[in-house]
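Predicted model only: the values in this text are computed from it and were never measured.
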Protein chains: 4
Amino acid sequence: MAGSVNKVILIGNVGADPEIRRTQDGRPIANLRIATSETWRDRNSGERREKTEWHTVVVFNEGLCKVVEQYVKKGAKLYIEGQLQTRKWQDQQGQDRYSTEVVLQGFGSTLTMLDGRGEGGGASSGGGRGSSNNDYGDDYGAPAPSSSPSRGGGGGNFSRDLDDDIPF
Amino acid sequence: MAGSVNKVILIGNVGADPEIRRTQDGRPIANLRIATSETWRDRNSGERREKTEWHTVVVFNEGLCKVVEQYVKKGAKLYIEGQLQTRKWQDQQGQDRYSTEVVLQGFGSTLTMLDGRGEGGGASSGGGRGSSNNDYGDDYGAPAPSSSPSRGGGGGNFSRDLDDDIPF
Amino acid sequence: MAGSVNKVILIGNVGADPEIRRTQDGRPIANLRIATSETWRDRNSGERREKTEWHTVVVFNEGLCKVVEQYVKKGAKLYIEGQLQTRKWQDQQGQDRYSTEVVLQGFGSTLTMLDGRGEGGGASSGGGRGSSNNDYGDDYGAPAPSSSPSRGGGGGNFSRDLDDDIPF
Amino acid sequence: MAGSVNKVILIGNVGADPEIRRTQDGRPIANLRIATSETWRDRNSGERREKTEWHTVVVFNEGLCKVVEQYVKKGAKLYIEGQLQTRKWQDQQGQDRYSTEVVLQGFGSTLTMLDGRGEGGGASSGGGRGSSNNDYGDDYGAPAPSSSPSRGGGGGNFSRDLDDDIPF
DNA sequence: TTTT
DNA sequence: TTTT
């Protein structure tokens with residue numbers, strides 16, 4: 001279906017140190033639990049109330065997984081941009097069950113640390129090596145030129161070069 | 001600054017057929033004008049009112065430019081995801097002027113056609129070849145199911161080369 | 001927790017005519033199923049492939065429910081902005097089950113029709129009466145120009161009453 | 001135009017203490033300068049590079065202005081959700097000039113503090129009194145019930161009450 | 001300059 | 001169960 005968008009944006013805190021698993025062929029997958037919450041004052045009692053929502057975030061991306069592994073700890077505040085995905089599985093009784101997760105996998109998925117812990121700063125799944133919308137990974141060799149778009153693991157440049165002289 | 005986000009999401013109609021320019025080294029740049037509008041009923045008179053906002057969108061990405069060139073015409077309804085950028089220029093009197101544009105260049109930038117015209121359907125700046133948030137590039141493997149996540153390798157160029165001098 | 005964000009943005013098609021239920025005290029709740037999908041060309045076979053994701057959207061808002069009731073039909077293309085919520089329930093075996101839904105309830109929730117069917121055009125949960133991000137409620141004054149900002153007064157109910165017991 | 005969206009999401013730091021002006025009839029308007037930036041490592045030199053983008057944010061909303069006035073200081077990290085607006089003005093030579101700003105005014109506009117300074121936590125422009133997606137203002141009396149949607153300055157409840165018994 |  |  002052309003013309004569809006599936007985007008989740010979360011800012012919240014990580015509930016526990018992330019789990020990093022590996023697939024059989026060695027690729028990492030990180031699982032995070034992120035809490036968002038809303039607070040308000042009760043209309044009648046005047047008491048402060050809060051509701052917390054927990055989100056399961058699954059990171060299928062080597063670069064982002066590295067950032068998660070190195071920098072994301074319990075309590076970290078993150079900005080997450082991913083997609084909603086519901087997967088079907090079977091419980092021990094053989095019944096169909098569904099789990100909905102926020103998946104960071106494709107283009108446009110991003111994970112940024114908002115509390116300054118770690119040096120990673122941010123990362124997106126664009127390059128497979130922790131390149132970021134905001135902060136290219138330290139192991140980021142070079143943005144891919146337009147003319148060589150698909151080097152394995154290539155990243156990209158995200159903004160015009162300030163030092164270029166670009167009259168327009 | 002780690003931990004920053006600069007994102008613009010627009011759904012609107014294209015005001016005129018796009019202009020496609022080329023840099024000296026041949027890379028395309030597309031310019032679009034997109035209208036968004038709000039309507040409301042006047043509180044006093046009860047009349048229906050409307051306010052239209054016009055946005056300048058600049059596409060620095062070969063893949064997205066191809067989509068624009070082939071499919072985007074005056075009147076098309078688009079979903080756009082880009083970044084805010086303000087550039088400084090000088091008018092004929094030599095005075096500093098500033099123009100703010102929605103730039104589709106970096107990671108996470110997307111352009112999707114919402115009215116079914118053209119076959120392009122959608123595209124994002126991830127792959128430099130019209131690959132899409134919704135339409136993976138030709139050399140891009142399948143999206144990973146939850147149980148077999150995508151290889152990290154798929155990168156791509158996202159835009160202009162940081163090191164180039166690009167007069168246009 | 002101050003400083004959290006929980007936002008889902010979807011553009012997709014409605015899979016079936018919406019169901020509208022009512023709470024005991026008469027407030028409507030609309031349920032929608034919305035499909036988003038991604039297409040790509042298989043890296044090896046070159047075949048076009050597609051993956052569709054289905055989302056359950058729950059509208060707790062009188063104004064938005066009216067729009068849904070009047071205008072949203074099977075096949076409609078919608079822009080949805082809401083929140084992720086997971087609720088716990090018990091199956092017939094008494095086991096805990098969880099369902100994650102995109103809830104349109106609070107501030108910032110929006111539903112806009114993208115295919116021009118119906119006159120409703122758009123709506124947000126801001127005003128409780130089908131007012132919109134793009135379409136101010138009837139008792140809502142004009143959007144303020146930059147030089148004459150809007151009165152602060154315009155509020156509204158955004159959803160279900162916190163203090164109510166709402167079985168449904 | 002039905003079906004349009006105009007949304008800007010920024011996470012960045014405030015460049016200077018905000019300016020709060022007042023209209024002739026006493027309503028506040030806050031002006032903020034917010035920096036977002038991207039960093040990357042230069043492909044050739046390997047040097048770390050950074051590009052900062054400055055955004056002008058204008059808050060037309062009493063509740064949000066109060067939050068800005070009380071809590072937002074130079075250096076604060078904010079999450080902002082607003083709209084792009086370009087306004088026309090004339091310079092001293094009588095020439096037309098245009099300025100594009102991120103305006104927080106209508107439903108869906110939000111401002112949330114991300115660095116924990118201040119108690120305000122967050123605020124959105126929904127209620128005119130600093131109600132928030134995440135953190136209702138302290139002077140927030142009560143969420144508006146669905147049955148009285150438009151009390152002056154009324155806000156809303158943003159989530160289901162945790163303590164309600166809501167089987168569904 | 002779009003669209004409804 | 002949608003859509004292209």
> Looking at residues at least two apart in the chain, or sitting in another chain, which of them share a side-chain contact (heavy atoms from CB on, under 4.5 Å) with A:Thr56?
Replying inline: A:Asn31, A:Arg33, A:Val58, A:Glu101

> Nearest-Å distance, CG (B:Leu114) to P (F:dT3)?
Replying inline: 16 Å

>> Under a 3.5 Å distance rule, please check whether A:Arg97 uses its side chain to pair with a backbone N or O of A:Trp89 as donor and acceptor.
In response: no

> What nucleotide, of E:dT3, E:dT1, F:dT3, holds the atom closest to the side chain of B:Asn13?
Replying inline: E:dT3

>> Just the rounded figure in Å: distance from P of E:dT2 to CD1 of B:Ile11.
In response: 20 Å

>> If you compare every side-chain N and O of B:Lys77 against the phosphate oxygens of E:dT3 (OP1, OP2), does one of them come in below 4.0 Å?
In response: no

> Rounded to the nearest Å, what distance is computed from the OH atom of residue B:Tyr79 to the C1' atom of nucleotide F:dT4?
Replying inline: 19 Å

>> Can you measure C:Leu10 atom CG to F:dT1 atom C1' for me and round it to whole angstrom units?
In response: 16 Å

>> Under a 3.5 Å distance rule, please check whether C:Asn6 uses its side chain to pair with a backbone N or O of C:Leu84 as donor and acceptor.
In response: yes

> Could you state the CG-C1' distance from C:Asp115 to E:dT4, rounded to the nearest angstrom?
Replying inline: 13 Å

> Given atom CD of B:Glu50 and atom C1' of E:dT2, what is their separation to the nearest angstrom?
Replying inline: 10 Å

> From E:dT3, E:dT1, F:dT2, pick the nucleotide closest to the side chain of C:Lys74?
Replying inline: F:dT2

> Going by modelled atom types, is there a donor-acceptor pair between the base of F:dT2 and the side chain of C:Thr52 at under 3.5 Å?
Replying inline: yes

> Once you round it to whole Å, what is the distance between P of E:dT1 and NZ of B:Lys51?
Replying inline: 19 Å

> side-chain contact (heavy atoms from CB on, under 4.5 Å) with C:Pro28: which residues, sequence neighbours excluded?
Replying inline: C:Ile20, C:Arg22, C:Glu62, C:Cys65

> Rounded to whole angstrom units, what separation is found between the CG atom of B:Leu78 and the P atom of E:dT3?
Replying inline: 12 Å

> Taking the side chain of C:Trp54 as heavy atoms from C-beta outward, which of E:dT3, E:dT1, F:dT1 is closest to it?
Replying inline: F:dT1

